Visitor: 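My questions will all concern the structure given below.
This one's a predicted model, so the numbers in the text were calculated from it and none came from an experiment. Note on naming: letters A, B, ... go to the chains in the order of the sequence lines (proteins, then strands), and numbering restarts at 1 for each one.
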Amino acid sequence: MLAELISPWFRAQARDLPWRRPETTPWGVLVSEFMLQQTPVARVEPVWRDWMDRWPAPSALAAAPRADVLRAWGKLGYPRRAIRLHDAAAAIAERHDDTVPSDVDSLEALPGIGSYTARAVAAFGYGLRAPVVDTNVRRVVARAVHGQGDAGPARTRADLADVDALLPARDTEAAVVSAGLMELGALVCTARSPRCADCPVAHACAWVAAGRPAYDGPRRPVQGFAGTDRQVRGKLMDVLRGAPGPVERSALDAVWSDAGQRDRCLHSLLVDGLAEQTDDGRFALPA
DNA sequence: TACACGTGGCC
DNA sequence: TGGCCAAGTGT
């Protein structure tokens, strides 16, 4: 029922995103999915175009120095994703003959690829039937199917089963519905102000039928940022990215006054492979 | 399971 | 203004 409503809506209303173009390879889809993890479409678009120009195949990215990869990642955030994408590219080049795998199990075995990204690559990169569960899909299902105002905590197995039950049998059509569920959550069935008047599913929506009751379940704890290690790491990485080569310790000391926290964060960047200390004691992005 | 992990825009 | 939110993953 939902699928028959979402499919034509998506074909008519889908945004013309570059990674949805027919000429986009599965590799391009994979790169887009890495970048889109927790990051809005508008900020991903220019970076994705740059990456695809520079590194059109996994082997091309794998051959690039880490520092180049981290600089190209820029300010997308969560730079460990860039490391994992770099490592995934190397694994694909070496173990999969430079071809992105199409099966979910092989994809999930790659660094940085979990349940969502594996299925997104199978569905959007290869047109296969794979239940894709992200925050948008969880919200759409919570409302349309369960009549809840919001999704609440993840129920991984049940979420997968819910979406699987919505997908048509045929691969191509199922992939369109998967994309449509996400698009509906992104454009219409949004978190704060759902536009039910424009929703192709409204007349079949359990939440609308129930009078759009407010969500009463547990709220997701809000992630603080100011003053956290995350903020400090970000500032340190910004210095390393912006410098053409190694920087003195003093340049890093300048970004945060709390020396203990600063040192802890710098050390964690070294451990994560996001930074290196040179022989002369300075710091830089990894070679 | 809960928490760490960047960044910036929006209402 | 500032909390909330954005195509998650790894531990």
Visitor: Which residue lies toward the 5' end of DNA chain C, A/Q37 or A/R43, if each is placed at its nearest nucleotide?
Guide: A/R43
Visitor: From the list C/dA7, B/dA4, B/dT7, which nucleotide is the closest neighbour of the side chain of A/Y116?
Guide: C/dA7
Visitor: Got a donor-acceptor pair under 3.5 Å from the side chain of A/T39 to the base of B/dG6?
Guide: yes
Visitor: What is the distance from CH2 of A/W73 to C1' of B/dC5, rounded to the nearest Å?
Guide: 13 Å
Visitor: What does A/T135 touch in the nucleic acid at a heavy-atom separation under 4.0 angstrom: a base, only the sugar-phosphate, or nothing?
Guide: sugar-phosphate
Visitor: Would you check if there is a donor-acceptor pair between the side chains of A/E33 and A/Y116 at a distance under 3.5 Å?
Guide: yes
Visitor: Find the distance A/I83:CD1 to B/dG6:C1' and express it as a whole number of Å.
Guide: 14 Å
Visitor: Using the closest heavy atom to pick a nucleotide of DNA chain C for each, name whichever of A/G114 or A/P40 lands nearer the 5' end.
Guide: A/P40
Visitor: How long is the line joining CD of A/E183 and C1' of C/dA6, in whole Å?
Guide: 14 Å
Visitor: Are A/E108 and A/R119 ion-paired here, with the side-chain N under 4.0 Å from a carboxylate O?
Guide: yes
Visitor: Where the side chain of A/K75 is concerned, which of C/dC5, C/dA7, B/dG8 is the nearest nucleotide?
Guide: B/dG8
Visitor: What's A/L76 touching, base or sugar-phosphate or nothing? Going by heavy atoms closer than 4.0 Å.
Guide: base
Visitor: Which part of the nucleic acid, if any, lies within contact of A/L17, taking any heavy atom under 4.0 Å across all strands shown: a base, the sugar-phosphate backbone alone, or nothing?
Guide: base
Visitor: Starting at CE of A/M237 and ending at C1' of B/dT7, how long is that distance when rounded to a whole Å?
Guide: 13 Å
Visitor: Given A/D87, which of A/R66, A/R80, A/R95 fulfils the salt bridge (Lys or Arg N to Asp or Glu O under 4.0 Å) condition?
Guide: A/R66
Visitor: Roughly, in whole Å, what's the span from CG in A/D238 to P in B/dT7?
Guide: 7 Å
Visitor: Using the P atom on both, measure B/dC11 against C/dA7 and round to a whole Å.
Guide: 15 Å
Visitor: Heavy atoms only, 4.0 Å cut-off, all strands: where does A/W19 land among base, sugar-phosphate and nothing?
Guide: base
Visitor: Answer with yes or no after comparing the ring centroid distance for A/W27 and A/W55 against a 6.0 Å cut-off, counting only values under it.
Guide: no
Visitor: Taking atom P in both C/dC4 and B/dC3, what distance in whole Å separates the two?
Guide: 16 Å
Visitor: Suppose you measure atom P in B/dG8 against the same atom in C/dT9; what distance do you get, rounded to whole Å?
Guide: 23 Å
Visitor: What contact category does A/A191 fall into here, base, sugar-phosphate, or nothing, at under 4.0 angstrom with non-hydrogen atoms?
Guide: sugar-phosphate
Visitor: Pick base, sugar-phosphate or nothing for A/P153, based on heavy-atom distances below 4.0 Å to the nucleic acid.
Guide: nothing
Visitor: Pick base, sugar-phosphate or nothing for A/S193, based on heavy-atom distances below 4.0 Å to the nucleic acid.
Guide: nothing
Visitor: Using a 4.0 Å heavy-atom cut-off across all strands, classify A/F34 as base, sugar-phosphate, or nothing.
Guide: nothing
Visitor: In whole Å, what separates the C1' atom of B/dT1 from that of C/dT11?
Guide: 11 Å
Visitor: Over all strands shown, is A/T117 touching base, sugar-phosphate only, or nothing at heavy-atom distances under 4.0 angstrom?
Guide: sugar-phosphate
Visitor: Rounded to whole angstroms, how far apart are CG on A/D87 and P on C/dG10?
Guide: 11 Å
Visitor: Taking any heavy-atom pair under 4.0 Å as a contact, classify A/Q223: base, sugar-phosphate, or nothing.
Guide: base
Visitor: Reckon A/R139 touches a base, only the sugar-phosphate, or nothing at all at heavy-atom distances under 4.0 Å?
Guide: sugar-phosphate
Visitor: Which heavy-atom pair separates A/P213 from A/W207 by the least distance, and what is that distance?
Guide: O-NE1, 2.8 Å
Visitor: Decide whether A/T156 and A/D159 meet the rule of one side-chain donor and one side-chain acceptor closer than 3.5 Å.
Guide: no
Visitor: Please tell me which of the listed nucleotides, C/dA7, B/dC5, C/dG10, lies nearest to the side chain of A/R84?
Guide: C/dG10
Visitor: Please classify the nucleic acid contact of A/R241 as base, sugar-phosphate, or nothing, using heavy-atom distances under 4.0 Å.
Guide: sugar-phosphate
Visitor: Rounded to whole Å, please give me the gap between CD in A/Q38 and C1' in C/dA7.
Guide: 9 Å
Visitor: Once you round it to whole Å, what is the distance between C1' of C/dC5 and CG of A/N136?
Guide: 11 Å
Visitor: Out of C/dT9, B/dG8, C/dA7, which has the shortest distance to the side chain of A/R20?
Guide: C/dA7
Visitor: Please compare A/D272 and A/A154 by the position of their nearest nucleotide in DNA chain B and report the one closer to 5'.
Guide: A/A154
Visitor: With a 4.0 Å cut-off on N to O distance, would you call A/R241 and A/D238 a salt bridge?
Guide: yes
Visitor: Just to be sure I understand the rule, does A/R192 reach a base, reach only the sugar-phosphate, or reach nothing, if contact means heavy atoms closer than 4.0 Å?
Guide: base
